[in-house]
Structures are given as structure tokens and as C-alpha cells.
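Written out below as C-alpha cells is the structure these notes cover.
Just so it is clear: chains get the letters A, B, ... in the order the sequence lines come, proteins before strands, and each one is counted from 1. Bear in mind the structure is a predicted one, so any value in this text is a computation, not a measurement.
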Amino acid sequence: MKFFQYLLKIDRRIIYIVMGLLVTLPLVKPLGLGVTSGPRAARLFQAVDSIPAGKTLLISVDFDPASMPELYPMLTAVMRHAFAKNLKVLLCGLWPTGMGLAIKAATDIPPEYGKKYGEDVVYLGYKPGVDAVILGMGENIKNVYPYDYSGRSLDSLPMMRDVQRLRDIPMIVALSAGTPGYSDWLAYAQSRYGMKVGTGLTAVSAADAYPFLQSGQLTGLLAGMKGAAEYEVLVQKSNYSKAYMPAVAAMDSQSLAHVVIMILVIIGNIAYFVTRKRRS
Amino acid sequence: MIPFLILLLAAGPAAPPATDTAAPPPVQRLAAPAGVKAFDTPNDQGKSITLRWSAGDALAQAWLVERTGPEGPKVISTNAAGDIGYLDEDVKDRILYAYRIAAVAGADTVWSGPTPAVSSSPQVFNTARMNILIAMVVFFMLVVYYIETAKKGKNLFVRRIAGLDAVEEAVGRATEMGKPIIYVPGLGSVADLATIASLNILGEVAKKVAQYDSALLVPNRDPIVYTVAREMVKESYAKAGRPDAFKQDSVFFVTDQQFAFAAAVDGLMVREKPATNFFLGMFWAESLILAETGAQTGAIQIAGTDQVFQLPFFITACDYTLIGEELYAASAYLSREPLLLGSLKAQDYGKLLILVVVVVGSVLLLLSKVPAFSVFSHIAGFFNIN
Amino acid sequence: MKRNVPLAICLGFGIVMMVQFFVPHPISVGFYDLTTKWVRIVSAFALVLGVGSFLMYHTEKLRRRRTGWLYSIVALVAAAVSTVVGLAWGVKQTSPLQNYIFTPLLVPLNASMFAILAFYMASAAYRAFRARTKESALLLIAAFIVMLGMVPLGAAIWHRLPDLAEWILSVPNMAAKRAITFGVALGGIATALKVILGIERGWLGGGKQ
Amino acid sequence: MHVSHSLLTWVAAILTIGIFSFLWKDNPFYKFCEHLFVGVSIGYGIAVTWYNGVYPDLVTPLFRQGKPLYIIPLVLGLCYFCRFIPRVSWLIRFPMAFTIGWGMGVAIPANFQTSIVKQIQGTLLTPAIFARWDVLLWAIISFVGVICTVFYFFFSREHKGALRLASQTGVVYLMVGFGASFGYTVMARMSLLIGRLQFILRDWLGVIK
């Protein structure tokens with residue numbers, strides 16, 4: 001009885017410690033609590049997988065550090081997939097605050113596959129103006145971005161010889177945390193230049209994109225950390241990568257956190273009903 | 001001159017290729033686009049002409065849009081096959097333009113005839129917003145009518161709102177315990193309606209605080225809201241007959257940054273150990289940060305917001321929560337001022353009207369499935385917004 | 001003069017902006033754009049009031065040596081340094097303000113304060129999710145299903161659980177939100193109308209007529 | 001383990017821990033972080049307001065491009081300074097009247113547009129619901145939910161009889177909706193915490209890659 005009364009007013013700090021530990025643990029040592037791949041992520045994976053080797057995949061980094069836990073793992077997973085399939089990766093972005101993240105990915109990932117900057121991957125940087133940038137890239141990428149993010153002329157980068165404008169690129173994956181983002185790529189790049197558009201979004205904004213998926217305008221969608229984890233698993237399963245999977249680890253944390261909260265609620269209710277019965 | 005030019009142009013590229021005649025019969029001839037219409041884009045600020053057409057057959061792979069204006073004919077757009085419309089925003093007002101569209105399939109290009117010349121101009125009334133105007137006029141009449149009725153002294157009933165009945169008790173409790181009351185008027189600006197509602201409630205709460213002689217702390221995130229809140233509290237103390245009890249630094253500005261504000265108010269609650277917290281107005285993600293810290297200090301908490309996404313957190317962490325519209329009813333409820341009660345009545349009739357429209361509209365729309373009533377299918381269009 | 005002119009300004013702009021909404025003519029759109037800028041400018045000046053209050057609050061604390069006055073020095077110095085750095089070198093992406101104040105200080109403070117919410121969700125759920133009444137039981141069950149449906153574990157328990165979670169979010173949840181929206185909109189509009197018409201005039205403050 | 005060598009990473013990590021320490025209890029470390037946060041955010045706000053607000057929106061058009069109309073927001077804005085001069089402090093009512101009147105005037109039609117007319121359209125039942133049995137059922141459940149929940153917000157009549165039944169059904173929807181929203185948000189907030197932990201474990205301590 002006393003035990004239940006104690007439970008009812010359990011020190012919140014115990015709750016915090018338990019939760020903190022259980023969330024941290026899987027990050028250090030992923031458990032792989034069975035992330036299964038949903039159809040939306042599978043569609044994106046298939047689309048990227050079916051691009052012939054040597055072609056270029058465009059990835060738009062439209063998010064800032066605040067959405068990094070959800071969207072950055074998507075960026076690395078899609079890049080790993082592309083490099084494993086011998087695709088080239090062109091990065092660009094509609095958010096100025098996304099530059100640091102794109103640079104990080106462009107430096108960290110290619111060496112894993114022996115890929116080189118300029119030959120297999122190029123980051124264009126950020127240019128203000130959304131529709132003007134996309135439409136300009138449709139005409140000629142060099143008009144919008146004469147130089148890459150670090151000021152190297154695009155003419156000096158061998159990869160850009162085959163990629164003149166959006167029509168040379170079969171598909172774009174827009175990783176967006178809001179607007180501007182995938183909707184702009186749909187509105188301009190898809191309707192005008194017929195590009196395939198796939199997207200990765202934060203969990204909060206994913207629901208808005210489902211109609212586009214149903215109408216077939218979007219080729220696949222990764223929703224939040226779960227979507228990122230699904231993609232990581234797909235990449236791993238196909239033996240494209242053996243790297244640490246941050247989103248899968250995060251999903252484990254996520255699962256444990258949800259379970260902790262639910263167990264807490266159950267314990268709280270048991271204690272509540274037991275003490276109430278005794279009292280009455 | 002212009003039609004002549006168009007004719008000339010039409011004769012050129014549209015001439016059938018020589019191979020056509022030699023080809024075996026199964027090859028279908030590409031049909032010209034049909035029903036090409038060009039008109040001034042309605043309800044806009046001018047400088048725009050809208051084009052619409054339909055496909056003559058399924059063969060077309062792309063469309064060309066050609067405009068002929070003072071500067072002569074010019075192809076202004078290439079559309080993908082499914083894209084049968086164009087918004088020309090590169091025109092000048094009150095200048096005549098003619099358009100024609102070509103269907104393109106492989107090497108074939110077949111032009112439509114030119115449209116009659118049209119010009120663009122700005123409009124003075126946006127007819128697409130007629131629905132909003134009607135709704136506004138109807139609701140305004142309701143508000144004015146019931147306020148006038150209230151002025152004549154008709155007694156108006158208001159149902160119980162638990163969170164507001166608790167205000168008196170909460171203020172009294174603070175006096176008994178000798179602890180302060182914290183009132184956060186939300187993080188919105190003064191242009192946010194919930195903030196205005198909250199400030200009105202603050203006025204009523206401050207009156208009670210002055211009567212009970214408790215201490216009041218009002219941290220603010222918006223500088224203008226801070227100024228207004230300060231005036232309101234000062235005024236309330238004066239109205240309660242205790243202008244001397246108003247302390248200058250009881251209403252203060254913290255910072256305009258959301259989470260820095262939350263951090264500071266958290267600190268304030270932990271250190272001042274208030275008896276009562278009010279969180280009324282606009283709140284975002286910080287709602288639970290504030291409410292949970294407050295709950296841990298053991299304060300009675302009364303919250304209210306019109307931010308649907310934050311309501312669950314207030315509901316779980318606070319003792320009383322004003323849900324959505326209850327926040328707007330609060331100042332009328334607390335002050336019992338007939339003018340404010342009148343508008344509450346108008347709001348109720350407004351809601352009733354919305355329900356009537358929704359039910360009747362739905363019935364008619366469902367009836368439109370029956371061929372005889374198919375006219376009703378246009379009802380949904382009335383609620384399009386633009 | 002002291003009350004009626006402000007009330008008239010409020011009434012005038014309120015009506016003009018309502019009418020503006022229905023007029024697509026370039027003059028009307030231009031007026032909207034111009035006044036939007038004005039509002040931004042005027043609101044920017046209001047920061048002066050905030051900063052004034054901030055300085056007053058902390059210098060008072062300092063002068064009277066109230067508890068925690070030492071921390072007021074931290075706040076004042078931090079404000080002074082970041083203001084000077086910001087005004088002197090600007091706010092561009094590569095400025096010292098961004099590199100040495102925004103990125104290493106504001107970003108982690110902000111993110112940590114936001115992340116603390118995760119812990120509060122746990123303690124709030126523990127404390128409040130008790131099936132005391134039928135209503136709170138409903139709240140609890142709905143939260144439970146959605147939380148389970150969001151993680152792989154939920155699908156492992158029952159493969160349709162994610163669908164059920166999505167159903168709760170898109171059917172009953174949506175209906176409740178819509179109804180709240182109707183009420184909030186009418187309440188807000190009525191409040192706005194009362195302010196424009198000068199029936200609610202608390203914002204003027206009291207004092208001398 | 002590769003502990004970071006960057007001073008800025010260390011600063012960010014220490015501040016993160018400082019904020020999290022509040023979960024244990026209020027302590028000097030948190031107080032320091034809190035006051036630093038407030039101070040820095042004010043300085044940052046001042047710099048951003050000047051460079052992204054006042055300078056491009058007011059100084060440039062008024063003094064560089066010579067647009068005289070911009071004197072109006074300048075004068076209105078300066079009125080806020082009168083707050084510090086008791087004799088003319090009532091002048092701050094002018095910019096407030098402008099801001100409030102403008103805001104209310106813009107808010108009214110916008111609210112009608114997005115929160116009423118558009119929501120009515122979303123609520124209407126269309127013949128499309130006959131497509132499948134489940135679509136029909138969900139549409140009806142949703143429709144009933146909207147109507148009953150709106151009845152919950154009726155203030156001017158006592159909730160008894162049919163109104164009581166409707167409003168109590170509304171409460172069911174509200175509670176399910178709130179529970180679902182809570183459950184749904186847990187995931188997003190956990191993501192934020194995980195992001196912070198990843199920063200500590202990866203960028204600072206180098207425990208994970």
C-alpha cells in the first residue's frame with residue numbers, strides 16, 4: 001500500500017533519469033528494434049535505385065540545424081545509396097541556414113566510397129530567390145550558379161560537364177523542413193521540366209504532402225525520423241552501406257522513450273486505482 | 001496588320017511535312033488545339049491575361065503559346081502535354097494582344113486560329129471574395145444587433161465556465177498564502193486576437209488582485225503588449241480604489257525570444273513560488289515548459305489559448321483550461337458587462353448559422369448525386385477561397 | 001484628443017484594411033504593402049520600450065541588491081556585448097555576431113530549452129494521464145494508441161495499429177479541431193470588431209482623459 | 001572516444017548541460033545560463049531589428065531613396081519614446097492605435113477566409129463519400145463530431161436536454177483529439193532531445209560517429 005502511495009508521488013527526477021538513460025543508451029549502441037520499411041520510403045528507394053549508373057541525382061538541402069535530427073540522416077542515407085549505385089550527386093539548397101549541413105555531408109560521405117569532390121559530388125551553395133533559382137537552373141545551371149559554394153568555377157569541375165540544366169537530371173530529392181521546399185520543386189521543376197521529385201520531411205509537416213503522393217506527383221516520401229530510419233535500413237539491406245545508422249539509433253531511442261512513458265502511465269494508473277479502492 | 005502577320009506565321013511552320021502524304025494511312029494527323037480562349041485574368045491587379053484551351057486529340061506532346069502584341073508575334077511558353085492553360089503576366093494594361101496555341105508532336109506543329117484581341121486591366125472588387133463579404137456582413141449585423149439589445153438592459157444568460165469560476169478562488173488563495181500571482185499574457189503580439197482577449201482578462205484579474213491585496217507579476221514577451229498590460233493593470237488598481245498599491249516593476253518585459261522567455265519565466269516560477277499561475281493568450285511550444293514547471297512548484301494553474309495545438313498540454317498540466325473560444329468569452333464572463341455579453345450571444349448565433357449552412361449545404365450536395373438535382377453540385381464552389 | 005484621436009485612428013485603419021481585402025486594384029495592393037512595412041517599422045521602435053523595461057528591471061535589482069542581483073550583471077553584460085558586436089559588425093551569415101554569439105550561444109540554449117520539453121512530456125503524462133473520469137480515460141487511450149502507432153513496436157503488436165493511430169488523428173481529432181477553429185474565429189472576430197468600434201478600449205489604459 | 005578540440009563546441013555543450021540541470025533543481029549554473037540567454041537574445045534582437053528591419057525598411061527609403069511618406073512611420077515610431085516623458089506619455093497611444101487598428105482590420109477578413117469559409121467547405125459532405133463504405137462512415141463520424149463539438153461552445157444557453165447530449169458528445173471528440181495530439185507530439189519532441197544528445201555524444205564527446 002505504502003509502495004503504491006509512494007508511486008503516486010514518485011519524484012519526477014527519477015522519471016527524468018530513467019528516460020534520459022533509456023534515450024541515450026540506444027544512441028551509443030543501436031538495438032535495431034525492428035524498423036520495417038513502409039511503402040512511401042520504398043517508393044523513393046526504388047526510384048533512386050532505378051536511375052542508371054553515371055547519371056546525376058540532385059539533392060536539395062532545405063533545412064536548418066533545428067531539423068537536423070530528422071533530416072540529416074536522410075541526406076546521408078540517400079547520398080550513400082547514390083554513391084553505391086555509382087550515381088553522381090549534385091547538392092543545392094533554398095535555405096541559407098542549410099549550407100553548413102550540406103558542406104558537412106559533401107565532405108564526410110564521398111570518401112567512404114572513394115568518391116571525389118568535383119568528379120562525383122558538387123555542392124552549389126545557396127542563392128536567394130526560390131522560383132527564379134529553380135527556373136534558372138532549368139535553363140542553365142551555370143547562369144544561376146557560376147561558382148560552387150566555395151567559389152570554384154563550375155567549368156573547372158568535371159562532373160558539371162554532363163549536367164547543364166535540370167533536364168539532364170532524372171530526379172531530385174528535396175529534403176525540406178518547411179517552405180521553401182519540396183512544394184517549390186514540384187511547382188517549378190516538375191511542372192516545367194518534368195523532373196521526378198522525391199522528398200523527405202519532418203514528421204510534423206509530412207501529412208500535408210500525402211495528397212501529392214497519392215496524385216503521383218511525388219515519387220516517394222520519407223516522413224520524419226522514422227522515414228529516415230526506413231531508408232537507412234533499405235540501404236543497409238541492399239549492402240550499399242555498413243555505416244552507423246543515426247536515424248535507426250534515434251528510432252530505437254524514440255521507441256524506448258514511448259515505451260517508458262506508456263509504462264509510467266500504466267504504473268501511475270495502477271497505483272491510482274489501488275489506493276482509491278483502499279480508501280473507499 | 002496583326003491578323004495578317006498571324007496568317008503569315010500560321011502558313012509557315014504549320015505546313016504539313018512532305019512525308020505526310022507518302023506515309024501509310026494508320027498515321028493520324030495531329031489536330032489543332034480546340035476552344036482556345038484568352039481573357040483578362042479576373043479579380044487581379046491587372047497586367048495578366050489567362051489562356052485556356054483543350055486538346056484536339058491525345059497525340060500532342062507539348063504546346064506552344066504564341067502572343068502577338070505591339071512588338072510582333074513571339075512564342076512565350078512551351079507547356080508540357082497535360083498543362084492546358086497559361087497565365088501571361090508579361091503584358092501591359094489596356095494594350096491589345098492576340099494569342100494562338102500550337103500542338104506539337106514529334107516534328108509536327110499544328111497551330112490554332114488566333115484568339116480575338118484582349119487586354120488586361122485591374123479590378124476594383126474581387127468577386128471571388130463575395131462569399132467572405134456576405135459572411136462578414138451577416139455576422140457584423142448579428143454582433144451589432146445583440147449589443148444594441150444588451151444595451152436596452154435585457155438580461156443575458158451565460159453558461160458556467162469552470163476555469164473562470166476558479167479565478168476568484170485562485171486570487172484569494174494567493175492572499176491567504178501570502179504568495180504572488182503570475183500572469184503571462186501569452187507570447188503573441190498585440191495584433192493577435194488572443195492577446196487582446198488575454199489583456200482584457202488581465203484587467204479583470206488585476207482588479208481582484210487589488211481588492212484582495214495580493215502581489216501580481218506580469219512577464220511579457222512583446223514590448224507593445226508589455227506597455228498595454230502595464231496600463232491595464234495600473235488602471236485596474238485605480239478602479240479598485242487602490243492606485244497606490246500598483247508597483248511599477250510588477251509588469252515587465254523579459255525578452256522577445258521565445259525560449260529565452262520560457263527559461264526566464266521558469267526561473268521566476270521556481271524562485272517566487274507563486275500561489276497561482278495564469279497562462280492566457282497565444283502560446284507555442286513553450287506552453288508545456290511553462291505549465292509543467294508551474295505544476296511542479298505546486299501552483300494552481302489557469303490556462304487558456306486559441307492555439308489548437310497547445311491545448312492538449314495545458315489540459316494535461318493545468319488545473320483549469322479555457323478551450324479556444326472560452327478565452328474570448330472570458331472578459332464578458334468576468335466583467336458581466338452587457339455590451340460584451342451581447343457579442344457573446346451574437347457569436348452563438350454565428351455558430352448556429354455555420355451549422356445550418358453546413359447541414360443544409362451537405363444535404364443539397366448529397367442530393368446533387370440525383371440527376372434532377374445536379375445543379376446543387378455548384379454549392380461547394382461557393383466556399384472556394386481566393 | 002488624448003482618447004478620441006487614437007480611437008479614431010484605430011477605427012479608420014480597421015475599416016480601411018477590411019475594405020482593402022476586397023479590392024485587387026494596384027492602388028489597394030500598394031497601400032497594403034506600404035502599411036505592412038509601416039507596421040513593421042513602428043513595431044521595431046516598440047523594442048525601445050522593451051529594452052527600457054529590461055534595463056530598469058535589472059538595474060533596480062542590482063541597486064537594491066535583491067536576491068540574484070549578481071545574475072542581473074550577467075544579463076546586462078550579455079545584452080551589452082551582443083548589442084555592440086551586432087551593431088558594429090552587422091548580422092550577416094559570416095559576421096562575428098553569428099559566429100561567436102548566435103551559433104555557440106543562442107543555438108544550443110534555444111535547442112536545449114526546446115529539448116527539455118521531452119522530459120516534461122514524460123512527467124506531465126505520468127501525473128495527468130489518470131483515468132479518473134470517462135473523459136480523461138478517453139484522452140489517455142487516444143494518446144496511447146497514437147504513441148504506439150508512431151513507433152515500430154506498435155506495428156509489431158498489431159500491424160493495423162499505425163492505421164488506427166492515423167485514423168484517430170484524421171477523423172475525430174480533425175473534427176474537434178475544426179469545431180474549435182469555428183469558435184475561435186468567431187470569438188476572435190467579435191473581439192476585433194469590438195476593438196475597432198471602441199467597445200473594448202482597455203488598450204488605451206486609464207488615467208487622464 | 002574523440003573529445004572535441006573546438007572551444008565553441010565546448011561552450012555549446014556546457015550551456016546545454018546548464019539548461020538541462022534545471023530538471024534536477026534550480027541552481028546557480030542554470031541561473032547563469034538563463035540570464036545569459038535573456039541578455040544575449042535581447043542584444044541579438046536589437047541588432048537584427050536594426051539591420052533587417054529599421055535600416056532597410058525605414059532608413060533606406062526615407063534617407064537614401066528620399067520617399068517622404070516614410071516620415072509617418074518614423075514619427076509614429078518615435079512616439080514610443082514619449083513613454084519615458086510623463087507629460088506626453090499619452091502619445092504612445094497613436095502608434096498603438098495604428099498597430100492595433102491595422103492588425104484587427106487585417107485579421108477580420110483573413111479569419112473569415114481561412115477559419116470559417118474554408119473550414120465550412122472542408123466540413124461539407126460531398127457525393128464523393130459514397131465511394132466506399134469506410135469513407136462514408138468516417139465522413140459521417142467526422143461530420144457529427146464537428147457539429148457536436150461546436151455545440152459545446154454554446155455559451156448563452158444552459159446545457160441541458162438535447163444540447164447537453166450534443167455538447168457531451170463534443171467533449172468526447174475534444175478529449176480524443178487532445179489525447180491524439182499529445183501522443184503525436186511526443187515523437188517530435190523526442191526528436192529534439194535526441195538531436196541534443198547526438199550533439200553531446202557525437203560532436204562533443206565523440207562517443208558515436
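- Using a 4.5 Å cut-off between heavy atoms, F199(D) makes no contact with chain C at all.
- For chain C, the nearby parts of L78(D) are the backbone and the side chain; heavy atoms of each come within less than 4.5 Å.
- Of the listed residues A80(C), A8(C), A111(C), the one with more heavy-atom pairs under 4.5 angstrom with chain D than any other is A111(C).
- Both the backbone and the side chain of T36(C) come within less than 4.5 Å of a heavy atom of chain D.
- Proximity of a side-chain donor or acceptor of Y80(D) to a complementary backbone N or O of L49(C) within less than 3.5 Å is not detected.
- Heavy atoms closer than 4.5 Å to chain C are found in both the backbone and the side chain of I120(D).
- Heavy atoms closer than 4.5 Å to chain D are found in both the backbone and the side chain of M18(C).
- Between T149(D) and K177(C), the side chains place no donor N or O within less than 3.5 Å of an acceptor N or O (distance only, hydrogens not considered).
- Atom CZ of R66(C) has more than 12 heavy atoms from other residues, nucleotides or ligands within 6.0 Å.
- Contacts between N110(C) and chain D at a heavy-atom distance below 4.5 Å involve backbone atoms as well as side-chain atoms.
- Looking at W50(D), the atoms closer than 4.5 Å to chain C (heavy atoms on both sides) all sit in the side chain, from C-beta outward.
- Atom OG in S123(C) sits 8.5 Å away from atom CG in L23(D) (nearest 0.5 Å).
- With a 4.5 Å cut-off on non-hydrogen atoms, V171(C) touches chain D through its backbone and its side chain both.
- Within the 4.5 angstrom heavy-atom criterion, no atom of L11(C) approaches chain D.
- Annotation: Y71(C) is not in aromatic contact with F32(D) [ring centroid separation under 6.0 Å not met].
- Comparing N99(C), L148(C), T35(C) by heavy-atom pairs within less than 4.5 Å of chain D, the highest count is held by T35(C).
- Chain D forms the most heavy-atom pairs under 4.5 Å with one residue out of A176(C), G187(C), S112(C), A118(C), and that residue is S112(C).
- Chain C forms the most heavy-atom pairs under 4.5 Å with one residue out of V11(D), L7(D), L36(D), T9(D), and that residue is L36(D).
- In terms of non-hydrogen atom pairs under 4.5 Å with chain C, the most contact-rich of V106(D), I194(D), V54(D) is V106(D).
- Nearest heavy atoms, T16(D) versus P108(C): OG1-CB, 3.9 Å.
- Note that the CZ atom of R178(C) and the OH atom of Y173(D) stand 13.0 Å from one another [nearest 0.5 Å].
- With values rounded to the nearest 0.5 angstrom, T49(D) atom OG1 is found 12.5 Å from I41(C) atom CD1.
- In this structure, the portions of L69(D) lying under 4.5 Å from any heavy atom of chain C include both its backbone and its side chain.
- The structure places CE of M104(D) at 11.0 Å from CG of L193(C), a figure rounded to the nearest 0.5 Å.
- Neither the backbone nor the side chain of Y55(D) comes within contact range of chain C; no heavy atom of the residue lies under 4.5 Å from a heavy atom of that chain.
- Contact of F154(D) with chain C is not made at all, since no heavy-atom distance falls under 4.5 Å.
- For a residue to count as touching a neighbouring chain, one of its non-hydrogen atoms must lie under 4.5 Å from one of that chain's; by this rule Q113(D) touches chain C with the side chain only.
- Residues L15(D) and L105(C) have side chains in contact (heavy-atom distance under 4.5 Å, counting atoms from C-beta outward).
- Only the side chain of V171(D) comes within less than 4.5 Å of a heavy atom of chain C; its backbone N, CA, C and O stay farther away.
- With a 4.5 Å cut-off on non-hydrogen atoms, I116(C) touches chain D through its backbone and its side chain both.
- Atoms SG and CZ, from C10(C) and F98(D) in turn, are 11.5 Å apart once rounded to the nearest 0.5 Å.
- With chain C as the partner, the residue from A97(D), C148(D), G177(D) showing the most heavy-atom pairs under 4.5 Å is A97(D).
- Contact check for F119(C) versus L193(D): side-chain heavy atoms found under the 4.5 Å cut-off.
- Looking at M187(D), only its side chain comes within 4.5 Å of chain C, counting heavy atoms on both sides.
- Ranked by heavy-atom pairs shorter than 4.5 Å toward chain C, the options F22(D), F143(D), F37(D) are led by F37(D).
- Counting heavy-atom pairs closer than 4.5 Å to chain C, the top-ranked of the candidates E34(D), M190(D), M175(D) is M175(D).
- Heavy atoms closer than 4.5 Å to chain D are found in the side chain of V51(C), but not in its backbone.
- Heavy atoms of P61(D) lying under 4.5 Å from chain C are absent altogether.
- In terms of non-hydrogen atom pairs under 4.5 Å with chain D, the most contact-rich of A44(C), G90(C), A88(C), G183(C) is G90(C).
- Here the straight-line distance linking atom CD1 of I101(C) with atom OH of Y44(D) works out to 10.0 Å at 0.5 Å rounding.
- Residues of residues 52-60 of chain C lying under 4.5 angstrom from chain D, judged on non-hydrogen atoms, are G52(C), F54(C), H58(C) by number.
- Of the listed residues (G86(C), A122(C), A142(C), S43(C)), the one with the most heavy-atom contacts under 4.5 Å to chain D is A142(C).
- Ring orientation note: the planes of Y70(D) and W38(C) are nearly perpendicular, at an angle over 60° on the 30°/60° scale.
- Note on F102(C), Y120(C), W167(C): by heavy-atom pairs under 4.5 Å with chain D, the leading option is W167(C).
- The candidate with the highest count of non-hydrogen atom pairs below 4.5 Å against chain C, out of F178(D), F84(D), F94(D), W10(D), is F94(D).
- In this structure, the side chain of R93(D) engages the main chain of L204(C) through a donor-acceptor pair within 3.5 Å.
- Contacts between T185(D) and chain C at a heavy-atom distance below 4.5 Å involve backbone atoms as well as side-chain atoms.
- Of all residues in residues 126-138 of chain C, those placing a non-hydrogen atom less than 4.5 angstrom from a non-hydrogen atom of chain D are F129(C), E135(C), L138(C).
- Between K37(C) and D57(D) there is no salt bridge, since none of the side-chain N atoms of the basic residue sits less than 4.0 Å from a carboxylate O of the acidic one.
- The contact between Q98(C) and chain D is made entirely by side chain atoms (from C-beta outward), counting heavy-atom distances below 4.5 Å.
- Contact annotation for L87(C): both backbone and side-chain heavy atoms come within less than 4.5 Å of a heavy atom of chain D.
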